[in-house]
**Student:** 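Could you have a look at this structure, given as structure tokens, before my questions?
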Amino acid sequence: MLDHQGDWKKSHGCGNLRASDEGAEVILMGWVHRRREHGGLAFVDLRDSSGICQVVFQEAMSDRVRELGAEWVVALRGKVNLRPKEMRNADMPSGDVEIRVEEMRILNESLTPPFPIESFHQGEVGEDLRLKYRYLDLRRREMQDRMTFRHKVVLEVRDFLSSLGFREIETPMFIRSTPEGARDYVVPSRIHHGMFYALPQSPQLYKQLLMVAGYEKYFQMARCFRDEDLRGDRQPEHTQIDMEMSFVTEDEIFDVVERMLESVFKNVIGQELKVPFDRMSYQEVMDLYGSDKPDLRFGLELSDLSEASAQSEFKAFSGVVENGGVVKGLCVPGGASFSRKEIEELEKSAKTYHAKGLAWMKVEEGGLASGVSKFFGGSAGDSIVKTLGANAGDLILMVGDEWETAATALGAVRNALGRKLDLIKAGDFRFLWVHKFPLFGWDEEKQAFEAMHHLFTLPLDEDLEYLDSDPRRVRGQLYDLVCNGVELASGSIRIHRRDIQEKVMAVVGIDKAEAERRFGFLLGAFDYGAPPHGGIAPGLDRLLMVLDGGDSIRDYIAFPKTLQAKSLMVDSPAPIDEEQLRELSIEIRKKES
RNA sequence: GGGGGCGUAGUUCAGUUUGGUUAGAACGCCUGCCUGUCGAGCAGGAGGUCGCGAGUUCGAAUCUCGUCGCUCCCGCCA
């Protein structure tokens with residue numbers, strides 16, 4: 001039998017009760033976390049959003065307690081008692097007290113949950129089950145803490161940016177589709193037959209228009225939508241701390257972000273963060289770590305072994321160098337003890353990133369041994385050992401290929417080694433600014449240049465002269481913030497002058513007419529005194545994941561989707577009624593195979 | 001679009017390599033006992049479309065093919 005809440009008001013949070021509350025008359029409301037019966041005497045751990053406390057039922061109420069099941073919702077009136085010394089629970093914040101129950105109202109019953117709400121259950125509950133019953137998953141302490149963490153970080157960011165004079169401004173969710181960048185999520189218009197809105201991949205154009213409008217410092221907790229394949233750190237919708245500033249340099253943007261994170265660390269995590277962060281160019285990080293988002297929590301830096309390899313008898317490598325490629329190598333201290341199988345595992349990592357193979361040799365007292373060592377006799381081998389600073393007992397790993405392939409493949413091996421050798425300390429945060437990215441990438445398929453970031457990124461002043469002659473050489477005022485191997489933010493200084501904008505568009509094959517058609521509204525706005533401006537957008541979900549040491553952003557989003565972009569809870573996406581389709585003049589085509 | 005892993009009781013898993021009587025464990029659930037537990041304890045009990053579908057076989061959780069779901073990675077993606 002259920003009771004009504006009546007005129008009872010919740011007086012305390014379960015988790016907040018302390019010894020100082022002794023004697024207080026309280027009314028608690030929450031969920032039955034666990035029940036322990038001892039014949040007449042019974043204990044219930046009552047849980048609400050503040051935590052857990054123990055309530056005691058005397059014999060007179062034992063029949064009512066027996067009705068209760070896990071996750072039933074109850075209201076209890078009783079008195080806070082200090083527990084006898086030997087019965088205090090030091091593992092529980094409220095463990096010094098317990099509630100002697102005088103009256104109970106059962107507010108709702110519950111089915112037995114499909115998985116335990118307690119946090120000590122054996123093993124991890126499957127994520128698909130957690131997502132289907134997300135409202136129960138979110139009940140778990142672990143998830144409540146993550147959502148609290150998210151809230152606190154957002155609050156701190158808002159507070160910090162506001163204090164610097166930033167204004168939070170909302171931009172539309174229904175915008176115009178642009179074919180640049182990621183695939184758009186698209187929304188059909190009912191009023192305009194055959195027309196579509198797009199959901200924003202980011203508020204990019206709007207924040208630039210706000211700069212033209214003279215707002216100077218803008219930010220927004222911006223939901224961003226991208227219809228691309230997902231990963232553990234990529235959801236179809238995610239939240240960015242989107243920022244834009246006028247009259248700024250890269251340095252000033254870095255400074256704002258560093259101080260913002262500094263205050264998040266100080267006021268949310270309670271930790272000092274060392275700023276400013278290190279900076280490296282794209283070329284440097286790729287050369288040293290084989291990744292544009294290196295994990296700096298461990299060393300194992302890459303070296304260039306092209307010269308020595310060219311002189312070696314290893315045809316595969318000397319050929320690569322002859323054709324303009326490079327040979328990258330790294331030294332694994334103590335790695336000579338690796339088994340054949342272990343090395344093959346590492347080779348798999350290299351091959352994933354399209355290396356043809358992973359060459360290796362062991363360093364012994366007398367010289368190089370095993371693997372490809374027979375090709376590296378004499379000075380070539382000596383030179384490699386010297387470059388890598390290798391010692392007896394070490395393992396040398398090498399990849400020869402076109403620069404980017406060699407670097408990324410060996411970078412993948414480096415990451416695998418970091419995990420394998422357990423070099424990554426939990427709770428260590430290594431931030432890094434990566435900047436001076438190339439402005440254009442060469443699209444092999446289309447045989448054309450494309451913008452690496454977006455079309456509005458300003459080239460480095462000193463590279464402007466190569467826009468016409470050698471676009472590959474042009475680097476952008478483009479930057480990423482990286483932490484522990486995760487890309488946390490990305491931004492650029494934008495082009496505010498029409499002449500430079502037209503030149504950049506020309507490189508990627510957009511003529512004036514097409515530019516006008518696609519970006520006319522922005523270019524038009526830029527004709528009315530656009531200030532120099534730039535910005536950045538830290539990914540909130542990723543930031544939370546990295547700061548919390550998690551490994552999936554899904555854990556930091558209340559209602560995430562699966563890798564197939566489905567919600568297992570509401571079962572979306574779903575078909576819509578014929579009637580809805582007709583209103584939109586939309587017909588479903590057969591899937592092309 | 002491509003490659004890898006996983007799918008067995010409500011949950012987490014073992015069993016699959018090498019096919020063989022009635023598919024097990026722990027936790028949870030149900031019943032009873034129990035007045036100081038807090039991952040309570042003790043005794044008893046219920047609970048299975050081995051993801052789904054075909055095939056091979058005297059016989060399939062186990063082998064083969066297909067398919068679905070979740071996940072990790074490449075491509076893609078800021």
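Lettering of chains follows the sequences in order, A, B, ..., and the numbering in each one begins at 1.
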**Student:** How do A:Arg554 and A:Arg66 order along RNA chain B: which one's closest nucleotide is nearer the 5' end?
**Tutor:**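 First, find each residue's nearest nucleotide; the 5'-ward one identifies A:Arg66.
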
**Student:** For a quick check of understanding: with a heavy-atom distance under 4.0 Å over all strands, which category does A:Glu37 fall into, base, sugar-phosphate or nothing?
**Tutor:**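 Since a base atom lies under 4.0 Å of A:Glu37, the category is base.
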
**Student:** Looking at B:C70, which nucleotide sits across from it as a Watson-Crick or G-U wobble partner, both distances under 3.5 angstrom, or is there none?
**Tutor:** B:G5

**Student:** Without decimals, in angstroms, what is the distance between A:Met92 CE and B:G39 C1'?
**Tutor:**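 Distance, rounded to whole Å: 12 Å.
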
**Student:** Write down the distance between CG (A:Asp91) and P (B:U37), rounded to a whole number of angstrom.
**Tutor:**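 Roughly 15 Å, once rounded to whole Å.
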
**Student:** Among B:U11, B:A78, B:U71, which is the nearest nucleotide to the side chain of A:Leu563?
**Tutor:** B:U71

**Student:** Expressed as a whole number of angstroms, how long is the span from A:Arg35:CZ to B:C34:C1'?
**Tutor:** 14 Å

**Student:** Consider only side-chain N and O atoms of A:Glu118 and A:His33, and report whether a donor and an acceptor are under 3.5 Å apart.
**Tutor:** no

**Student:** So what does A:Gly539 touch, heavy atoms closer than 4.0 Å: a base, only the sugar-phosphate, or nothing?
**Tutor:** nothing

**Student:** Can you tell me how far the CG atom of A:Leu199 sits from the CZ atom of A:Phe174, to the nearest 0.5 Å?
**Tutor:** 7.0 Å

**Student:** Side-chain donor or acceptor of A:Asp229 under 3.5 Å from a matching atom on the base of B:C77?
**Tutor:** no

**Student:** Tell me: CG of A:Asp63 to C1' of B:C33, nearest whole Å?
**Tutor:** 15 Å

**Student:** As a test of reading the structure: which of B:C74, B:U11, B:U35 is closest to the side chain of A:His38, going by heavy atoms?
**Tutor:** B:U35

**Student:** Assess, by modelled atom type and distance only, whether the side chains of A:Glu59 and A:Ser62 contain a donor and an acceptor separated by less than 3.5 Å.
**Tutor:** no

**Student:** Distance check needed: B:G3 P versus A:Glu347 CD, whole Å only.
**Tutor:**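 Whole-Å distance recorded here is 20 Å.
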
**Student:** Answer yes or no: side-chain N or O of A:Arg226 and base N or O of B:C77 forming a donor-acceptor pair under 3.5 Å.
**Tutor:** no

**Student:** Mapping A:Glu450 and A:Gln564 to their closest nucleotides on RNA chain B, which lands nearer the 5' end?
**Tutor:**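 The residue mapped nearer the 5' terminus is A:Gln564.
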
**Student:** Can you establish whether the number of heavy atoms outside A:Glu284 located under 6.0 Å from its atom CD is more than 12?
**Tutor:**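 Atom CD in A:Glu284 is crowded, with more than 12 foreign heavy atoms closer than 6.0 Å.
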
**Student:** I'd like to know if A:Arg231 reaches the base of B:G75 with its side chain such that a donor and an acceptor end up less than 3.5 angstrom apart.
**Tutor:**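 Answer yes: a donor N or O sits under 3.5 Å from an acceptor.
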
**Student:** Consider only side-chain N and O atoms of A:Ser492 and A:Arg494, and report whether a donor and an acceptor are under 3.5 Å apart.
**Tutor:** yes

**Student:** Which nucleotide in the list B:A78, B:C73, B:G36 gets nearest to the side chain of A:Gln54?
**Tutor:** B:G36

**Student:** Counting only side-chain heavy atoms from C-beta out, which of B:U37, B:G28, B:U71 sits nearest to A:Thr112?
**Tutor:**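 From the listed options, B:G28 comes nearest.
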
**Student:** Provide, to the nearest angstrom, the distance between the CZ atom belonging to A:Arg83 and the P atom belonging to B:U37.
**Tutor:** 11 Å

**Student:** Mark yes or no for a side-chain to base donor-acceptor pair under 3.5 Å between A:Arg88 and B:C38, with no hydrogen or angle criteria applied.
**Tutor:** no

**Student:** Side-chain N or O of A:Gln240 less than 4.0 angstrom from OP1 or OP2 on B:A78?
**Tutor:**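 No, A:Gln240 has no side-chain N/O under 4.0 Å of OP1/OP2 on B:A78.
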
**Student:** Give A:Gln204 one of three labels, base, sugar-phosphate or nothing, depending on what nucleic acid heavy atoms sit under 4.0 Å from its own.
**Tutor:**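 No contact.
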
**Student:** Base, sugar-phosphate or nothing for A:Gly232? Non-hydrogen atoms, less than 4.0 Å.
**Tutor:** sugar-phosphate

**Student:** Taking any heavy-atom pair under 4.0 Å as a contact, classify A:Gly95: base, sugar-phosphate, or nothing.
**Tutor:** nothing

**Student:** Paired with B:A78: which nucleotide, if any, by Watson-Crick or G-U wobble criteria at under 3.5 Å for both distances?
**Tutor:** none

**Student:** Mind telling me whether A:Tyr133 and A:Tyr135 have parallel, tilted or perpendicular rings, with 30° and 60° as the class edges?
**Tutor:**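 The arrangement is perpendicular - the two ring planes meet at more than 60°.
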
**Student:** What's the CG-C1' distance between A:Leu129 and B:G51, to the nearest Å?
**Tutor:** 14 Å

**Student:** Over how many whole Å does the gap from A:His354 atom NE2 to B:C73 atom P extend?
**Tutor:** 15 Å

**Student:** Base, sugar-phosphate alone, or nothing: which one does A:Gln201 contact when heavy atoms must sit under 4.0 Å apart?
**Tutor:** sugar-phosphate

**Student:** Taking the same atom, C1', in B:C63 and in B:A25, what whole-Å distance lies between them?
**Tutor:**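 It works out to 27 Å between them.
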
**Student:** A:Trp433 vs A:Phe254 aromatic rings, parallel, tilted or perpendicular, using cut-offs 30° and 60°?
**Tutor:**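 Parallel: the ring planes of A:Trp433 and A:Phe254 meet at under 30°.
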
**Student:** With a 4.0 Å cut-off on heavy atoms, is A:Leu230 in touch with a base, just the backbone sugar-phosphate, or nothing at all?
**Tutor:** nothing

**Student:** I'd like to know if A:Arg34 reaches the base of B:U37 with its side chain such that a donor and an acceptor end up less than 3.5 angstrom apart.
**Tutor:** no

**Student:** Using the C1' atom as the point on both nucleotides, what is the distance between B:U8 and B:G47, in whole Å?
**Tutor:**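 My reading of the C1' atoms in B:G47 and B:U8 gives 14 Å.
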
